[in-house]
Asker: 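Sharing a structure here in structure tokens format.
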There are 2 protein chains.
Amino acid sequence: MTEASARKPSRIQQRNRKIIMDAALEVFSRYGYRGATLDQIAEQAGLSKPNILYYFDGKEDIHVQLLNQLMESWLDPLEHMDPDGEPLTEILAYVRRKLEMTREFPRESRLFANEILQGAPRMGPHLESGLKPLFERKTTVIRDWMTQGKLAKVDPRHLVFSIWATTQHYADFDAQVQVLIPAGEDVVDGAETYLETLFTKLLTP
Amino acid sequence: MTEASARKPSRIQQRNRKIIMDAALEVFSRYGYRGATLDQIAEQAGLSKPNILYYFDGKEDIHVQLLNQLMESWLDPLEHMDPDGEPLTEILAYVRRKLEMTREFPRESRLFANEILQGAPRMGPHLESGLKPLFERKTTVIRDWMTQGKLAKVDPRHLVFSIWATTQHYADFDAQVQVLIPAGEDVVDGAETYLETLFTKLLTP
DNA sequence: GTCTATAGGTCGATAGAC
DNA sequence: GTCTATCGACCTATAGAC
């Protein structure tokens with residue numbers, strides 16, 4: 001009685017799991033949880049549907065594992081905001097990193113957006129245990145910077161919300177942005193310049 | 001050959017169509033197009049499924065009509081930005097109006113967000129014909145204001161994006177915001193103060 | 001490949017308004 | 001009596017799972 005995921009995963013297992021996760025990311029991020037089908041994921045992965053279910057316990061299992069895995073890399077930029085760095089530099093670097101992620105990982109951004117939009121049915125606990133403590137630590141750091149006069153005083157929580165909103169917008173609302181900005185123009189480049197100005201003016205004491 | 005929706009709509013028809021649209025908004029905005037079911041909509045509306053289909057041609061028809069109807073009210077605040085008004089006042093009033101809509105019509109916001117996230121499959125034409133011309137008119141107005149030295153110079157298109165992103169965030173990512181901000185606090189009130197500061201500092205010449 | 005549940009959609013019969 | 005509105009039962013395709 002050998003379970004697929006138990007013991008040491010073989011080369012092939014590792015490779016196939018990776019392939020399936022990537023295919024699932026592609027499909028889930030484009031069609032949402034309910035809109036995605038195992039058939040689509042199987043086709044995208046170049047594997048049969050039963051083969052997919054050999055590696056994962058079901059559709060929901062794939063989705064949950066995707067979210068778990070992505071949570072880490074998603075929080076990483078905020079984690080890296082250094083309390084001992086120069087405040088404005090740190091914030092702007094964070095904005096730039098988030099924007100870079102929007103450019104490089106738009107599928108991940110849309111996957112999260114989809115999940116949150118629907119009320120985070122499969123991610124509620126993760127928000128509480130993963131995001132919330134980090135959010136509180138970092139907003140405290142920012143508040144301290146403001147108290148010390150190193151940054152202009154605003155509500156640090158809304159500051160972070162506005163950084164998330166403005167950066168992720170270019171991935172999540174890409175379909176709209178593409179309609180409104182002429183093709184060929186590098187939208188994210190323009191956003192970087194704009195957002196740098198926005199947050200510099202806001203936070204300069 | 002009499003279609004249900006042809007000719008003069010009776011009292012009952014008007015009433016039931018309204019009830020169904022509202023139920024559909026509730027369900028579609030919570031579960032997305034694919035995640036919503038006619039049974040859910042029927043139950044929410046307090047009508048039978050065949051009765052729903054007596055008034056609409058099908059699931060997609062309901063969704064399309066919802067989007068069409070909402071498009072107008074959605075663009076209304078931007079439409080009302082007055083080229084002859086005082087520039088900063090007009091922009092801040094627009095921000096406030098958008099935030100007010102987020103508070104009053106979060107379901108509508110999520111319905112749009114869902115649709116755009118999935119690549120606007122049922123709204124592409126509307127973006128081109130409805131949103132795009134308006135967007136170009138209004139960004140031109142803002143650019144003129146900047147040229148005349150009445151506002152600080154930034155890319156007006158990204159300015160509008162950032163207004164959309166920051167205001168709609170509170171409806172679309174509500175599930176996340178609720179986790180991060182203590183219950184009982186009026187989040188949108190705090191957002192209003194913050195966003196007023198943000199855009200005032202950005203745009204004051 | 002097969003089984004099963006579900007979800008979109010149809011039909012025909014009935015109830016109610018004018 | 002006719003037309004509008006309503007609904008239970010049914011059909012079919014699809015999608016998750018084994």
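Protein chains get the first letters and strands the later ones, always in sequence-line order, with residue 1 at the start of each.
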Asker: Enumerate the residues from residues 36-52 of chain B whose closest heavy atom to DNA chain C is under 4.0 Å, giving them by residue number; use none for an empty result.
Answerer: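 Hits under 4.0 Å, by residue number: A36(B), T37(B), L38(B), K49(B), P50(B).
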Asker: When you measure from the side-chain N and O atoms of Q13(B) to the phosphate of dA5(D), is any distance below 4.0 Å, counting only OP1 and OP2?
Answerer: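 Result: yes.
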Asker: For residues 173-182 of chain B, run the donor-acceptor check on the side chains, cut-off 3.5 Å, and write out each pair with its distance to 0.1 Å, sequence neighbours left out.
Answerer:
{"unit_1": "D174(B)", "atom_1": "OD1", "unit_2": "Q178(B)", "atom_2": "NE2", "d": "3.1"}

Asker: Can you tell me how far apart CD (Q65(A)) and CD (E60(A)) are? Round to the nearest 0.5 Å.
Answerer: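 Between atom CD of Q65(A) and atom CD of E60(A) there are 11.5 Å.
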Asker: Strictly by salt bridge (Lys or Arg N to Asp or Glu O under 4.0 Å), give each pair with a member in residues 99-116 of chain B just once, sequence neighbours left out.
Answerer: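 Matches after skipping sequence neighbours: D22(B)-R107(B), E26(B)-R107(B), E100(B)-R103(B), R103(B)-D186(B), R103(B)-D189(B).
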Asker: Would you tabulate the side-chain donor-acceptor contacts of residues 125-132 of chain B under 3.5 Å, counting partners in other chains and residues two or more places apart, or write 'none'?
Answerer:
{"unit_1": "H126(B)", "atom_1": "NE2", "unit_2": "N68(B)", "atom_2": "OD1", "d": "2.9"}
{"unit_1": "S129(B)", "atom_1": "OG", "unit_2": "P125(B)", "atom_2": "O", "d": "3.1"}

Asker: Report yes if a side-chain nitrogen or oxygen of Y54(B) is closer than 4.0 Å to either non-bridging phosphate oxygen (OP1 or OP2) of dA5(D); otherwise report no.
Answerer: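 Yes, Y54(B) has a side-chain N/O under 4.0 Å of OP1/OP2 on dA5(D).
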Asker: From CD1 of I62(A) over to C1' of dA15(D), roughly how many Å is that when rounded to an integer?
Answerer: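 Interatomic distance, CD1 of I62(A) to C1' of dA15(D): 13 Å.
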Asker: Taking the six-membered ring of Y33(A), is the NZ or CZ of R122(A) close enough (under 6.0 Å from the centre) and on axis enough (within 45°)?
Answerer: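 Judged by the rule (NZ or CZ under 6.0 Å from the ring centre, within 45° of its axis), R122(A) counts as positioned above Y33(A).
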Asker: When you list every nucleotide of DNA chain C with an atom under 4.0 Å from a heavy atom of chain B, which one comes first 5' to 3', and which comes last?
Answerer: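 First and last nucleotides in contact are dA7(C) to dC11(C).
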Asker: I'd like to check the salt bridge (charged side-chain N to carboxylate O under 4.0 Å, His left out) partners of K98(A); sequence neighbours left out, ordered by chain and number.
Answerer: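 Not a single residue meets the salt bridge (charged side-chain N to carboxylate O under 4.0 Å, His left out) criterion with K98(A).
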Asker: Do R157(B) and Y194(A) meet the cation-pi criteria used here (NZ or CZ under 6.0 Å from the six-membered ring centre, within 45° of the axis)?
Answerer: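 Because its charged atom misses either the 6.0 Å distance or the 45° angle limit, R157(B) does not stack over Y194(A).
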Asker: Over how many whole Å does the gap from Y31(A) atom OH to dA15(D) atom C1' extend?
Answerer: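 The answer, rounded to whole Å, is 16 Å.
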Asker: Name the residue closer to the 5' end of DNA chain D, choosing between N16(B) and R34(B) according to the nucleotide with the nearest heavy atom.
Answerer: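 Per heavy-atom nearest nucleotide, the more 5' residue is N16(B).
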Asker: Are K138(A) and Y94(A) in a cation-pi setup, meaning NZ or CZ lies under 6.0 angstrom from the ring centre and within 45 degrees of the ring axis?
Answerer: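 That pair does not qualify as a cation-pi contact.
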